[in-house]
S.K.: 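Can you keep this structure in mind? I'll have questions shortly.
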Amino acid sequence: MSRTEQLNRPKGAEGAEGKSPGRWLALSVLVLAVLLVAVDATVLGLATPSLSEDLKPSGTQLLWIGDIYSFVIAGLLVSMGSLGDRIGRKKLLLVGATAFGAVSVLNAYATSPEMMIVARALLGVAGATLMPSTLALIRNIFHDPRERSLAIGIWGATASAGAAVGPVVGGALLQHFYWGSVFLINLPVMIVLVIVGIKLLPESRNPVTGPWDLVSVGLSLVGVIAVVYAVKEVATHGPTWEVWATAGLGAGALYAFVRRQFTLESPLLDMRLFKHRGFSGAVLADLLTVFGLSGLVFFLSQFLQLVQGRDPLEAGLAELPAAVGAVATGLVAGRFARRYSVRVMVAGGLAAIGLALAALTVLHRESGYPLLGAALLVVGLGAGFSFTVTADVILSSVPKEQAGSASAVSETAYELGAALGIALLGSVVTGVYQGFTAPPAAAGPVADAAHESLGGAVEAAKALDPHTAQAMVGAAQEAFVDGLRLASGVGAAVLLATAAAAWFLLKGQELQDGVAH
């Protein structure tokens with residue numbers, strides 16, 4: 001047995017298969033970490049109206065509060081995956097969990113939009129230390145491919161469902177507490193994670209020579225955030241020179257990052273992984289699956305509350321079918337992929353999400369719940385198949401020694417997809433929304449506040465007479481729904497095109513230990 005294999009072998013492993021008796025308990029700890037990070041990506045959606053009323057952010061600030069968390073995670077995941085390889089994935093996970101709990105308190109007691117944005121960014125830094133460790137540890141704890149597929153299925157179902165469960169958790173908390181409670185709930189979960197993780201998780205690291213390259217860390221962070229920011233701004237304000245400059249900065253940073261990885265003896269990310277067609281196809285499908293899921297959940301939360309007048313808990317429960325669908329298919333995705341094929345499961349899952357989004361192009365203010373519930377269920381079913389199978393493909397396409405790098409790529413796709421879903425689809429919604437015409441009696445600062453966001457319109461209407469307030473809120477709601485319909489159409493086109501691409505990219509791909517030939 002090589003030194004690398006010995007270092008990757010979990011403590012307590014038994015026999016040739018390397019089966020540790022505590023492996024399923026260890027998985028429960030990893031799932032807890034994934035659940036918390038996934039929930040935090042969407043739990044703020046239901047709290048947006050309350051947060052808007054308290055902190056009074058502008059429309060742009062509101063989008064940054066919603067997506068800076070995912071931006072920072074996406075920009076740092078590759079770097080943190082590499083750091084975990086060096087210092088130990090268990091150590092990184094436990095340190096990150098402690099920081100996540102501490103920064104959650106800062107989020108809960110933010111007193112201004114600017115402070116909230118900074119706090120969410122710091123939470124993203126902590127979250128980035130958690131995510132890469134989970135898949136890499138699963139790869140090293142579960143050596144049997146079928147057991148590993150089930151473990152990844154549980155992991156994938158939790159990650160997919162976590163995004164959909166976020167609104168339910170948020171709704172239950174907001175029913176009785178203030179908006180900061182959606183962050184304070186992290187504390188007891190993180191305490192349990194750290195205490196149990198110390199006992200159950202095996203340490204796992206690779207012998208890496210060479211320092212942790214801080215230049216690469218900076219390039220990846222700047223590149224991801226700048227590019228996604230440019231996407232958000234061009235959809236909202238058009239292609240201004242500032243947007244093009246930002247996009248150029250981001251593209252240049254990412255290009256320099258890739259070039260630098262080829263020159264380093266111990267790169268943060270082994271770019272040769274992308275030469276494998278199945279690996280690249282799985283990463284693309286990963287990103288776009290979460291793109292559709294997170295964008296839909298984030299904006300339906302506002303639709304259910306601010307347009308249809310549901311309370312936070314009712315709105316959260318209304319989005320539960322997405323979680324149910326993701327869990328149901330995530331647990332059987334690996335078995336189905338072996339029985340049929342990887343590309344049928346992934347392309348079919350992506351197509352299902354695309355068709356569900358297409359169905360929402362007929363949405364209107366009085367739409368009944370059957371349409372929304374059915375669309376959410378289909379999105380969850382598709383996400384469970386696609387996301388779980390692609391995660392398994394990504395891990396099984398590389399040697400065990402590269403599990404950290406592969407995990408970081410998978411997690412980066414997840415978080416970048418969440419960020420782009422909120423940023424791109426949100427920018428479409430915001431761009432259409434800001435074009436609504438306020439009543440003449442609501443001119444001046446009131447109209448300006450109303451055009452910032454739908455939550456701002458509802459709040460600003462309180463200063464108007466009932467007739468004018470009703471007219472302004474009605475116009476704002478219609479504009480928001482128009483934007484949601486257009487964003488759903490855009491999302492549907494992207495997902496259906498990705499389903500077609502996945503059908504060709506994943507041809508011949510199978511779930512196994514090595515690279516499929």
Side-chain angles (χ1 to χ4, degrees), residues 27 30-31 34-35 37-39 41-42 131 134-135 138 146-168 281-298 300 319-357 359 372-396 410-411 413-415 417-418 421 491-492 495-496 498-499 502-503 506 509 511:
L27 177 65
L30 301 178
V31 164
V34 170
L35 179 64
V37 176
V39 165
T42 57
M131 297 298 281
T134 58
L135 263 182
I138 287 174
R146 291 186 180 272
E147 275 198 352
R148 188 169 65 243
S149 287
L150 178 58
I152 292 174
I154 296 171
W155 176 91
T158 305
S160 299
V165 167
V168 180
V283 170
L284 177 66
D286 225 0
L287 189 151
L288 273 303
T289 296
V290 184
F291 172 91
L293 176 65
S294 62
L296 176 64
V297 169
F298 185 81
L300 276 186
E319 295 184 356
L320 199 56
V324 173
V327 170
T329 53
L331 294 177
V332 298
R335 187 187 312 164
F336 278 36
R338 283 184 169 85
R339 178 177 299 177
Y340 302 105
S341 73
V342 165
R343 71 172 183 170
V344 166
M345 292 298 101
V346 175
L350 289 166
I353 299 172
L355 292 173
L357 289 174
L372 295 174
L376 284 163
L377 178 62
V378 173
V379 166
L381 292 171
F385 275 128
S386 179
F387 183 65
T388 305
V389 174
T390 53
D392 204 341
V393 168
I394 288 169
L395 277 192
S396 62
S410 177
E411 297 294 351
Y414 180 95
E415 293 300 334
L495 267 297
L496 291 173
T498 308
W503 181 261
L506 296 176
Q509 183 67 43
L511 296 185

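What you see is a predicted model; the values in this text were computed from it and never measured.
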S.K.: Answer whether the closest heavy-atom distance between the side chains of Val283 and Thr390 falls below 4.5 Å.
M.R.: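 Contact flag for Val283/Thr390 side chains = no.
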
S.K.: If you measure from OG on Ser386 to CG on Leu288, what distance do you get to the nearest 0.5 Å?
M.R.: 9.0 Å

S.K.: Are any of the side-chain heavy atoms of Val346 and Trp503 separated by less than 4.5 Å?
M.R.: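 In short, these two side chains do not touch, never coming nearer than 4.5 Å.
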
S.K.: Taking the side chain as every heavy atom from C-beta outward, state whether Ile138 and Leu27 have any atom pair closer than 4.5 Å.
M.R.: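 Of all side-chain heavy-atom pairs linking Leu27 with Ile138, at least one is under 4.5 Å.
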
S.K.: First locate atom CZ of Arg338, then atom CE of Met345, and finally report the distance between them rounded to the nearest 0.5 Å.
M.R.: 13.0 Å

S.K.: Exactly one of Val389, Val393, Leu506 should register a side-chain contact (heavy atoms from CB on, under 4.5 Å) with Arg343. Which one does?
M.R.: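 Filter result, single survivor: Leu506.
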
S.K.: Over all heavy atoms of both residues, which pair between Gly382 and Ala352 is shortest? Give the atoms and the distance, please.
M.R.: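 Reported closest heavy-atom pair: CA-CB, 4.2 Å.
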
S.K.: What are the two closest heavy atoms between Ala492 and Gly354, and how far apart are they?
M.R.: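 Taking every non-hydrogen atom into account, CB-O, 3.3 Å.
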
S.K.: Only one of Leu381, Leu376, Leu372 clears side-chain contact (heavy atoms from CB on, under 4.5 Å) with Pro321; which?
M.R.: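 In the set Leu381, Leu376, Leu372, the residue that makes a side-chain contact (heavy atoms from CB on, under 4.5 Å) with Pro321 is Leu376.
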
S.K.: Among Leu284, Leu496, Thr498, which residue meets the side-chain contact (heavy atoms from CB on, under 4.5 Å) test with Leu350?
M.R.: Thr498

